[in-house]
Each structure stands twice: as structure tokens, then as C-alpha cells.
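Worksheet for the structure shown next.
Reckoned from all heavy atoms, side chains included, excluding hydrogens, waters and symmetry mates. Computed from a predicted model, the values in this text were never measured in an experiment.
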Amino acid sequence: MSSLSATQADGYYIPPSYIESGAYKKQSINQYAKSKGHNQYLQRSVVRFELPYDGFCTKCNGHVGKGTRFNAHKKDGGFYLSSKIHEFEMKCRLCAECHFVIRTNPKGRCFDYVKGIKKKVEEFDTVEAGTLGVIDTELGNGIISSSDAAAAALADVGEGKDGQYYDPLSKLQSSAMGERK
């Protein structure tokens with residue numbers, strides 16, 4: 001077998017000057033050829049980033065939705081214990097003047113909007129929304145309502161056949177504990 005067919009079997013070409021110069025002892029073929037990498041990340045630290053939360057641009061006040069994808073520049077921002085903190089910088093799609101900076105937060109297990117974008121805060125009143133409240137998962141606490149009106153609505157819904165209050169959480173707890181009828 002000739003040497004040409006051997007290099008074709010390996011899938012890459014090694015120039016004779018690389019071997020003759022003795023560079024193979026000190027550096028790889030890519031370093032010898034002064035290659036900058038084969039993809040965007042290796043060349044310019046560009047990654048594809050998807051927004052984790054809804055937000056608003058601080059310059060144009062445009063809405064940027066959750067799941068919007070950007071080509072972001074990735075930087076290392078330090079460490080939290082042994083976990084790396086990454087920073088992602090990208091431009092606003094609407095005005096192209098504002099730069100967003102988003103940082104990972106390993107302590108809170110979330111992302112922090114640092115610069116150029118503010119997080120959309122969604123708050124609602126349970127009475128206006130027509131819901132009864134929040135179910136507390138700790139044993140015995142039942143449903144925590146936001147106001148007395150919601151408690152009254154809950155009492156109307158929870159009355160059983162004999163006029164006593166029916167607590168759906170107690171049935172769930174008894175079945176979880178193994179007490180079955």
C-alpha cells in the first residue's frame with residue numbers, strides 16, 4: 001500500500017513540511033497550520049442561546065418572548081463553589097442598539113438578567129382570576145386562600161351531602177398514607 005492511500009484511510013492530510021520541521025513533537029497539526037477552529041464557538045465563542053423568561057428591552061421597551069433564540073457571546077464570569085458562572089451577551093432584535101447580558105446563577109438554579117433586559121413579572125389576584133388559592137403540600141394545611149371572599153367561595157364548593165365541610169386534601173392524604181376504605 002502506498003503512503004497516499006494510507007493517509008486517505010486516516011481521513012486527513014499531513015504535509016511533509018510538518019514532519020520535516022519536527023513540529024509534530026511540539027504542536028498539533030491545527031496549531032502548525034494556524035487554524036482558528038472549525039465552528040463559530042471555537043472561532044469567536046458564539047453559542048445559540050434561548051431566553052429562559054419573558055423580558056423587556058430597557059432601551060426600546062420592546063417585548064422579547066421566552067424561547068427567543070439568539071447568537072450570543074459566551075464568557076466565563078467566575079465560580080460559585082465548583083460550578084462555573086457563564087455570561088451570555090447578545091443584541092436586542094428590535095432596536096439592535098441594546099446589548100443584553102444574562103448570567104447563570106447556580107445558587108438559585110436560574111438565570112439572572114444583568115444588563116439591557118428586565119424580567120417580566122406576572123402577578124395576579126386569585127379572586128379576580130376566579131381561582132380559590134394555592135394548595136399547600138404540607139400535611140394538614142389544606143388550601144390557603146388570598147382573601148375572605150375566596151374562603152367563602154371555598155366553603156360553598158366544599159359542602160358535602162350532610163352539610164359538613166369536604167376537604168379534598170384529606171382524602172388525598174389518607175390514600176397516600178395507605179388508609180383505604
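Put simply, the side chain of His73 reaches to within 4.5 Å of the side chain of Val46, judged on heavy atoms.
Under a cutoff of 6.0 Å and an axis angle of 45°, Lys66 and Tyr53 do not form a cation-pi pair.
Side-chain atoms of Asp54 do not come within 3.5 Å of backbone N or O of Gly65 as any donor-acceptor pair. At least one donor-acceptor pair under 3.5 Å links the side chain of Arg93 to the backbone N or O of Arg69.
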Pairs of donor and acceptor atoms involving the side chains of residues 84-92, under 3.5 Å and at least two apart or interchain, shall be tabulated with distances.
{"residue": "His86", "atom": "ND1", "partner": "Asp76", "partner atom": "OD1", "Å": "3.2"}
{"residue": "Glu87", "atom": "OE2", "partner": "Arg103", "partner atom": "NE", "Å": "3.0"}
{"residue": "Glu87", "atom": "OE2", "partner": "Arg103", "partner atom": "NH2", "Å": "2.8"}
{"residue": "Glu89", "atom": "OE1", "partner": "Lys75", "partner atom": "NZ", "Å": "3.1"}

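Separation of atoms CD (Glu97) and SG (Cys57) is listed at 9.0 Å; rounding is to 0.5 Å. Between the NZ atom in Lys74 and the CZ atom in Arg48 there is a gap of 15.5 Å [rounded to 0.5 Å].
Partner of Ile117 under the side-chain contact (heavy atoms from CB on, under 4.5 Å) criterion, chosen from Thr58, Val101, Leu51: Leu51.
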side-chain contact (heavy atoms from CB on, under 4.5 Å) between Lys115 and Phe100: does it pass, once the steps are laid out? CA-CA 6 Å; Lys115 185 181 110 184; Phe100 303 154; over 6 Å; no
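Side-chain rings of Phe111 and Phe49 approach one another, their centers coming within less than 6.0 Å.
Phe70 and Phe56 are members of different hydrophobic clusters when ILVMFWY side chains are connected at heavy-atom separations under 4.5 Å.
Of all heavy-atom pairs spanning His63 and Leu94, the tightest one is O-CD1, 3.9 Å.
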